[in-house]
Amino acid sequence: MQTISNYNFKGKKALIRVDFNVPLNENFEITDDTRMRAALPTIKKVIEGGGSPVIMSHLGRPKNGPEEKFSLKPLVNHLSELLGGATVNIAPDCIGDEVKAMANNIKPGEVLILENLRFYKEETKGDEEFAKKLSEIGDCWINDAFGTAHRAHASTAVIAKFFPNDKMFGYLIESEVESLDKVVKNPQRPLTAIMGGAKVSSKITIIENLLDKVDNLILGGGMTFTFVKANGGNVGNSICEDDYIETAKTIQKVAKEKGVNLIFATDVLAADAFSNDANTKILPAKEIPEGWQGLDAGPESVESFKEVIKKSGTILWNGPVGVFEMETFAKGSVAVGEAVVEATKNGAFSLVGGGDSVALVNQFGFADGVSYISTAGGALLEYLEGKTLPGIAAVRGE
Ligand code: AMP
């Protein structure tokens, strides 16, 4: 397989599929440029190798063709700044003769951005003819959009067939896949997954897939209570999904059969309202009276979580173990974060992923203390669910 590190970009127009789907405010100013920064190593590599980067991305969800509010124009100057003042031009479209001519005229060190791919419905439909037209603009294709790797769109997957020998991952996807594989393919044991968040229903496929892989599974947050209820406990007003009680029972049964150590909250910080100022008390997780709800892991649970985390060789963390957005209920998640950081210092590989967990590690300053933070939402979850991602399979030729 071709890799970005050994590919010769000299004189080549490199079509780079990036995820520049950045948030813009009402003045079309970029409010978070994380995704643009993430693609810089790949763009710079092409420039340094003597090639010409042709950037393609989607932005927002345009429904009926071109719409100014979804144009990639507001990104041009910022990309130029991020590239140290490089000339960045934008094409009026993403396919066609004019665009081809612009791509042919890129001077060394310059960058061309194609207009929003989703101005064509054919993009999300994975239309082959459209993919062919895109492919005619470049000499090679780099997929560096992990955020859309779970979609079989024209620019993220279908285009691959037009570059049988000139397709590769960008650095961002390469490091995402490498890091995820350290968890799902060849982890240092013991492997511990910490699954938190609000609901079992949104994490069920991942949990099922992880049962084949992990040594320890810490289940925290709101989903605790579906398990507590499944085991005959009283959950009071805690969040609980009655439709998933049978699922919770099955998970416990399968975990036992596979020898997975399941760790739940045994005590919780309960509150008499979903509010930072509510009255609170520590209660056994299975004895929560009506009018009270468990909103964070209790001290005994936190100790048992920490003990397992600290002995782990690999840690996957997805979802907070309490309502961390409220200070009163953030202690459990902070303690888990501290334990993950400590384990990482002692040599464990730790991967944090999923929207809320990323917000949490950033908010509490754990970002530098973990091994890898994955910012891809859907793609990350599907990878953890064990699914094949079209954008990855297309590059690998699977
Ligand atoms: P998720 O998107 O599924 O990872 O869920 C994250 C959300 O779960 C966060 O906003 C937390 O506030 C919420 N959460 C965590 N623990 C609880 C709990 N015990 N009760 C209600 N919500 C919770």
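Every number for a ligand or one of its atoms is a count from 1 in the order of the listing. One-based numbering along the sequence shown.
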Of all the non-hydrogen atoms in the protein, which one sits nearest to atom 2 (O) of ligand 1, and at what distance? D356 OD2, 3.1 Å
Could you tell me whether Q293 approaches ligand 1 through its side chain, its backbone, both or neither, with non-hydrogen atoms closer than 4.0 Å? neither
K331 bridged to D296 by N-O distance under 4.0 Å: no
Contact check: A198 vs ligand 1, nitrogen or oxygen atoms, below 3.5 angstrom: yes
Show the atoms of ligand 1 that are less than 4.0 angstrom away from any heavy atom in L295. 19 (N), 20 (N)
Would you call E303-K306 a salt bridge at under 4.0 Å N-O? yes
Specify the protein heavy atom at minimum distance from atom 17 (C) of ligand 1: its residue, its atom name, and the distance to 0.1 Å. G222 N, 3.3 Å
Identify the two heavy atoms, one from L269 and one from F329, that lie closest to each other, and give their separation to 0.1 Å. CD2-CD2, 3.8 Å
Atom 15 (C) of ligand 1: which of A270, S201, A359, G322 has the nearest heavy atom? G322
Under a heavy-atom criterion of less than 4.0 Å, does K203 contact ligand 1? yes
Do me a favour and list the nearest non-hydrogen protein atom to atom 20 (N) of ligand 1 with residue, atom name and distance? I239 CG2, 3.6 Å
Do ligand 1 and E325 have nitrogen or oxygen atoms that lie under 3.5 Å from each other? yes
Of all protein heavy atoms, the one nearest atom 23 (C) of ligand 1 is V323 CG2, 3.5 Å
Would you call E136 and K100 a salt bridge, using N to O less than 4.0 angstrom? yes
Is there any N or O on G294 that sits under 3.5 Å from an N or O of ligand 1? yes
Looking only at heavy atoms, the pair that brings M102 and A91 closest together is SD-CA, 3.8 Å
How about F227 and F225: are their ring centres within less than 6.0 Å of each other? no
Is it true that R17 and E123 have a side-chain N and a carboxylate O under 4.0 angstrom from each other? yes
Does the distance from a Lys or Arg side-chain N to an Asp or Glu carboxylate O, for K73 and E68, drop under 4.0 Å? yes
